[in-house]
Amino acid sequence: MNITLNGKATRLTNMQRFIQPCFKVPKKALKKLLKKTPKLALVLQACAFCLLVFTLPATASSLVTPINPVTPINPTTQISSKSTQTQASTTPISMTNHSTLVRWVNTTFKAYYPHASLKHLDYLAQLYQHAEFNNFWFNNKGEHNAAAHWLLDDLKPWLALEYHPKLALYQQLAKLLQQPVNSSFPRQRQATDLLITDLFLSYQDDLLQGYWTKFDLDQDHGITNAYERWDNWPDEIVRQNLDAVFPSWLTELKGTQPVAWALARLQESQPISQYYLPWKKAFNQLETLADLGDWPTIEADLKEGMQHAEVKQLATQLLHQGDLNHLNNYLPHNNQQPFFDATLTLALKSFQQRHNLPTTGETNPLTRQWLNMAPKERLRLLAHNIRRLHHLPKQLNPRHLMVNIADQRLTFTEEQQLKLDMKIVIGKEGLRTPIMNQWLTSIVLNPLWNVPNNIAKNSIFPQALKNPDYLNSRDYALVDGWHTPSRFVSINQVPADAFKNEQSGYRIVQKSGHYNQLGKAKFRLSNQQAIYMHDTPYRQVFNKDNRDLSAGCVRLEDADQLVLAVLKDDKKWTVERINRTYQQGEERYVKIRPKVAVYLMYWSVWTDNAGRLQWREDIYHKDTLKEIDQLALELLAIPATQ
């Protein structure tokens, strides 16, 4: 007996094979029933087909062809027949109903994770459809592939951070990337692959939106020059989200192996490689150190010439951190305590130098604090600095200034060649220099200093009212408005209450000269917070180790050399003309071409050119995932509920 299925004649035995597993009717009873009531066969056929398509796709596939353990499960598989054989044919991807694909994702996933849920069902349906239902994170043997190993390695710094609710998803993702999956159950493997991809999409969305960079932002500086426009100086980083990039991701997946697609996404989301790769290498070395177990501690004040039991602990610490080559001379011998020799002194001074400590060669309290820091805590601090790499663009501008706020230094690099390296002064607590990606828009020679209104109101103007000669004696001048060129007025033209009203158009500037707070040069940046770099007449400040003294701007140790380095290829501004302009004392604006990027970053831990870790005090308290407001309350010892 023949009936029609998908427009083709199908023998009763084939129809039996199709219906029987769905309704679990004994074969003999089903055969007898179909022979007596052929019309019932058509009804049962339709019901069975619906059950197969809209419930468990793997079951439908198994009715057509035996399941190969390495064959991906495809919900588009349909039943067809040629002669007396039943074969599998695949519907074109574009013709597959999206709701059917979503249902396939959910039922495949729920079969092994019944109590969990997926966040990105729609995206998963499209991804696996375009991947022809192959896995993204497992190879044909059921083992984690190259993309899975890369993703796990990238997750490790995030897992070294302190607790944060969002990191629970990263921990779940890392666990899945390490757990073996039974290779004899392809459906379980695909369910796990779906879950990994779902968590991966959430992870990528966090990075795209710059979620983890928000913990470094502060509100110390408001908008003070809103009239400034920087339309010709676009940001190097444009934050996006998953919705914005997914269409292009889907396009890239067409004709690409899923593992290659996943590797490309991981490459895109990694921070700039020239920093990330050596820092990640150092992170892996610290992980090995942390796996050794308990970290030795030192309680004594040790110095060269002493014999003491803790000399062994000191040598062990310095050996593990790369400052000492061996332990041979620092083990107890013949019941005698180890000896603190000159080699150990040099190793300790190397350690102190890498931590910006006075190089005394002795284990004073501050040195012991760094020596006794456990590797796990060092991993956390380094992980925060790896997190802050996401403030930088993937590719640095060929000409750029890199400001390390934590190290209080600035470098100028041109075509990968270091041109200058100098000390800087940064913002003090409450007026911190912010993390920013900027452009150096112009250099101002002989700059006027716009005195902040609170200083003008409370200090300078009251003295000028008492002593009319005070302004000239300190190179100050009164200005009406923000016109260019400036409109200077005398003290007699200004009312006594001019600075009591914040809306007043009057301001005080300081002309170039010995007293000018900006020195001989100002370096304007593309922001509206009045953050810029400048020279300073107070040179002695650069002799201090801690130079967090400014109101937020960056003071330069050698502004003269920076002016010459930036303008060296500008034929209009020769060394002679620059010096002549200084002597004339008039304010001059100089455009910068080609462009110079300025990256104000905060690295409390980083690797130097030799690959050795450098450590600095976290003076701005940014090595934390606490919200800024909560952190401020804790620093002030104020209960958060008040």
Side-chain angles (χ1 to χ4, degrees), residues 233-237 270-282 353-354 356 385-386 388-426 433 435-445 519-526 532-535 542 547 554-579 590-614 616:
W233 303 89
D235 293 336
E236 288 191 279
I237 295 183
Q270 274 190 348
I272 177 171
S273 60
Q274 71 183 75
Y275 293 105
Y276 179 72
L277 295 181
W279 294 16
K280 187 58 175 60
K281 180 180 179 181
Q353 187 177 37
R354 290 192 301 110
N356 201 34
N385 286 271
I386 292 175
R388 281 194 291 273
L389 284 175
H390 288 275
H391 286 285
L392 280 175
K394 286 281 287 185
Q395 184 68 43
L396 300 182
N397 194 64
R399 304 180 81 211
H400 68 265
L401 296 166
M402 182 64 72
V403 175
N404 185 349
I405 300 169
D407 190 33
Q408 301 169 47
R409 296 194 73 89
L410 171 149
T411 58
F412 175 47
T413 301
E414 194 167 27
E415 301 297 342
Q416 300 183 353
Q417 297 295 318
L418 180 65
K419 301 297 183 180
L420 286 176
D421 185 350
M422 67 181 73
K423 296 177 181 178
I424 60 173
V425 173
I426 61 171
T433 301
I435 294 175
M436 308 172 87
N437 290 315
Q438 297 282 283
W439 292 103
L440 176 58
T441 61
S442 61
I443 295 177
V444 186
L445 304 179
K520 296 161 63 176
K522 172 183 175 181
F523 300 79
R524 299 178 73 231
L525 305 180
S526 54
Y532 50 86
M533 305 183 302
H534 62 88
D535 187 18
F542 294 105
R547 299 181 296 278
V554 176
R555 302 178 197 168
L556 304 171
E557 180 184 29
D558 202 343
D560 285 353
Q561 289 301 312
L562 185 56
V563 169
L564 295 175
V566 171
L567 298 179
K568 72 178 182 63
D569 293 327
D570 191 332
K571 296 180 180 179
K572 295 181 180 179
W573 286 95
T574 62
V575 176
E576 292 74 19
R577 185 182 179 187
I578 292 171
N579 290 331
V590 182
K591 292 183 178 180
I592 307 301
R593 293 294 186 276
K595 289 183 176 181
V596 174
V598 183
Y599 306 110
L600 293 95
M601 295 292 129
Y602 187 90
W603 316 133
S604 60
V605 189
W606 72 97
T607 57
D608 58 23
N609 291 333
R612 290 158 54 86
L613 282 168
Q614 296 286 329
R616 297 296 182 268

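- The shortest non-hydrogen separation linking Trp606 to Trp279 is CB-CZ2, 3.3 Å.
- Between the CD atom in Gln274 and the CD atom in Gln395 there is a gap of 7.5 Å [rounded to 0.5 Å].
- Side-chain contact between Ile435 and Met601 is present, with at least one heavy-atom pair separated by less than 4.5 Å.
- The backbone N or O of Gln408 lies less than 3.5 Å from a partner atom in the side chain of Arg547, making a donor-acceptor pair.
- Side chain of Arg616 to backbone of Trp603: no donor-acceptor contact under 3.5 angstrom is found.
- Put simply, the side chain of Leu401 does not reach to within 4.5 Å of the side chain of Leu600, judged on heavy atoms.
- Other residues, nucleotides and ligands contribute at most 12 non-hydrogen atoms within 6.0 Å of the CG atom of Asn609.
- Counting heavy atoms from C-beta outward, His534 and Arg555 have side chains that approach closer than 4.5 Å.
- Of the possible donor and acceptor atoms, one in the side chain of Ser526 sits under 3.5 Å from a partner among the backbone N and O of Trp439.
- No donor-acceptor pair under 3.5 Å is formed between the side chain of Lys419 and the backbone N or O of Glu414.
- In plain terms, the two heavy atoms of Leu564 and Ile578 that are nearest each other are CD2-CD1, 3.8 Å.
- The side chain to side chain donor-acceptor pair (under 3.5 Å) pairs that include a residue from residues 558-573 are Lys520-Asp560, where partners are two or more places apart or lie in different chains.
- Within the 3.5 Å criterion, the main-chain N or O of Pro594 finds a donor-acceptor partner in the side chain of Arg399.
- With Asn385 contributing its side chain and Ser604 its backbone, the two residues share a donor-acceptor pair below 3.5 Å.
- To the nearest 0.5 Å, atom CG of residue Leu613 and atom NZ of residue Lys281 are 11.5 Å apart.
- Remark: side-chain polar atoms of Lys394 are not paired, donor with acceptor, to backbone N or O of Ile237 under 3.5 angstrom.
- Between Met402 and Leu396 the shortest heavy-atom distance is CE-CD1, 4.2 Å.
- Considering CG of Leu392 and CD1 of Ile272, their distance stands at 6.0 Å, rounded to 0.5 Å.
- Taking 4.5 Å as the limit, every side-chain heavy atom of Asp535 sits out of range of all side-chain heavy atoms of Leu556.
- The CD atom of Gln270 sits 4.5 Å away from atom OH of Tyr276, with the distance rounded to the nearest 0.5 Å.
- Not a single donor-acceptor pair under 3.5 Å links the side chain of Ser442 to the backbone N or O of Arg524.
- Put simply, the side chain of Arg388 gets close to the backbone of Tyr602: a donor and an acceptor are under 3.5 Å apart.
- What you find for Leu445 and Ala521 is that their closest heavy atoms are CD2-CB, 4.4 Å.
- Taken to the nearest 0.5 Å, the OH atom of Tyr599 stands 10.5 Å off from the OG1 atom of Thr413.
- For the atom pair CD1 (Ile424) and OG1 (Thr411), the distance works out to 9.5 Å, reported to the nearest 0.5 Å.
- Every residue two or more places apart in sequence or in another chain was checked for a side chain to side chain donor-acceptor pair (under 3.5 Å) with Arg577, and none qualifies.
- Within the 3.5 Å criterion, the main-chain N or O of Asn404 finds no donor-acceptor partner in the side chain of Arg409.
- Taking the side chain as every heavy atom from C-beta outward, Gln614 and Asp407 never approach each other to under 4.5 Å.
- Contact record, Ile405 with Ile426: O-CD1, 3.3 Å, taken as the closest heavy-atom pair.
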*Run the side chain to side chain contact (heavy atoms under 4.5 Å, CB included) check on Val425 and Phe542 step by step: do they pass?*
CA-CA 8 Å; Val425 173; Phe542 294 105; 3.8 Å; yes
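- Ser273 and Pro278 make their closest contact through O-CD, 3.7 Å (heavy atoms, listed as atom of the first residue, atom of the second, distance).
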